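Side chains included, hydrogens not; waters and symmetry mates left out as well; all remaining heavy atoms used. Every value quoted in this text rests on a predicted model; they were computed, and no experiment measured them. Naming: A, B, ... by sequence-line order, numbering from 1 per chain.
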Amino acid sequence: MHGIKRADSSLDPELPAPEGLRQSAIALDAEEYWVLRYPLCAWELPGGLTAAEQEIALAILAGHSRREVARARGTSVRTVSNLLSQVFRKLGVRSRIELAARLSAIRLPPRSPP
Amino acid sequence: MSPDVPQRLRAAALASLDLSIPAAPDASEARKVWRALILGQCRLIESFDADGHRYLIARRNPAGARASARLSEQEVRALYLRAVGTSYKVIACELNMSTAAAHGLTRSGMRKIGVHDEAELPWLFGSLSRNERCPPSP
């Protein structure tokens with residue numbers, strides 16, 4: 001897999017720390033704990049989406065189902081699905097996770113030469 | 001653990017990281033704890049959201065504890081692949097396993113680091129594209 005370090009089992013797994021990570025230690029009932037905190041993602045949608053499409057996209061990214069979104073907006077599930085399809089088409093993605101990846105501006109590491 | 005401990009832990013966690021206090025410029029200690037979580041040296045006890053932030057509360061594992069809390073290399077790969085929008089079918093192909101196993105691997109990895117929703121993964125891995133890229137495979 002390009003960009004993934006093909007480490008053997010003796011090497012530590014690589015996972016970057018979240019940006020804005022902060023840490024503290026607390027004690028409770030004679031037990032010690034670590035506390036980590038990092039800011040949650042704040043999605044910024046690109047231009048070209050209608051207000052309704054933006055609303056749908058943000059709700060879906062937040063984890064709401066199409067049924068929940070439809071109920072909240074007073075529309076049908078089909079309407080929500082159609083709007084979501086339009087969002088996907090405009091942004092060139094095919095799924096919720098691709099949408100999240102696109103908005104997070106993930107770039108695959110450069111391919112290594114053959 | 002008594003029933004009210006989670007609530008008290010959350011309150012203590014919120015108080016310990018008061019948002020009104022500016023963050024220290026050096027985040028190396030925080031990264032050490034994060035790494036300890038990845039390596040299974042500490043175990044995630046609670047994770048919750050407050051004030052636009054994710055809070056993780058962890059406790060050190062006793063010496064000799066099973067390494068099941070450690071994030072495996074396969075789990076990290078699955079999380080990375082999912083973070084870049086890869087379908088479970090392709091992840092399964094890349095990791096040479098069934099689609100169900102790829103799904104389970106991603107979920108177990110997410111659980112170990114307190115990620116509630118896979119849509120958080122691209123955001124979490126966002127720093128990978130900015131300053132901590134994995135080197136190209138040999």
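A salt bridge links K32(B) with E29(B): the distance from a Lys NZ or Arg NE/NH1/NH2 to an Asp or Glu carboxylate oxygen falls below 4.0 Å.
The hydrophobic cluster containing V90(B) does not contain L79(B), counting ILVMFWY residues as joined when their side-chain heavy atoms lie under 4.5 angstrom apart, directly or transitively.
If you measure heavy-atom distances from I26(A) to chain B, the contacts under 4.5 Å come from the side chain alone.
Taking R54(B), R60(B), E46(B) one by one and counting their heavy-atom pairs under 4.5 Å with chain A, the maximum is reached by R54(B). Of the residues considered (I97(A), L61(A), V93(A), I60(A)), I97(A) shows the highest number of contacts with chain B, using heavy-atom pairs under 4.5 Å. Considering only heavy-atom pairs separated by less than 4.5 Å from chain A, the leading option among S87(B), S47(B), S16(B), G114(B) is S16(B). When each of R82(B), E118(B), E120(B) is scored by its heavy-atom pairs under 4.5 Å with chain A, the top score falls to R82(B).
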Checklist line | Full working for side chain to side chain contact (heavy atoms under 4.5 Å, CB included) between K112(B) and E75(B) | finding: CA-CA 10 Å; K112(B) 287 178 182 178; E75(B) 284 170 331; 3.1 Å; yes
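Using modelled atom types, no side-chain atom of K90(A) and backbone atom of L49(A) make a donor-acceptor pair closer than 3.5 Å.
For the pair R10(B) and Y55(B), the cation-pi criterion (under 6.0 Å, within 45° of the ring axis) is not fulfilled.
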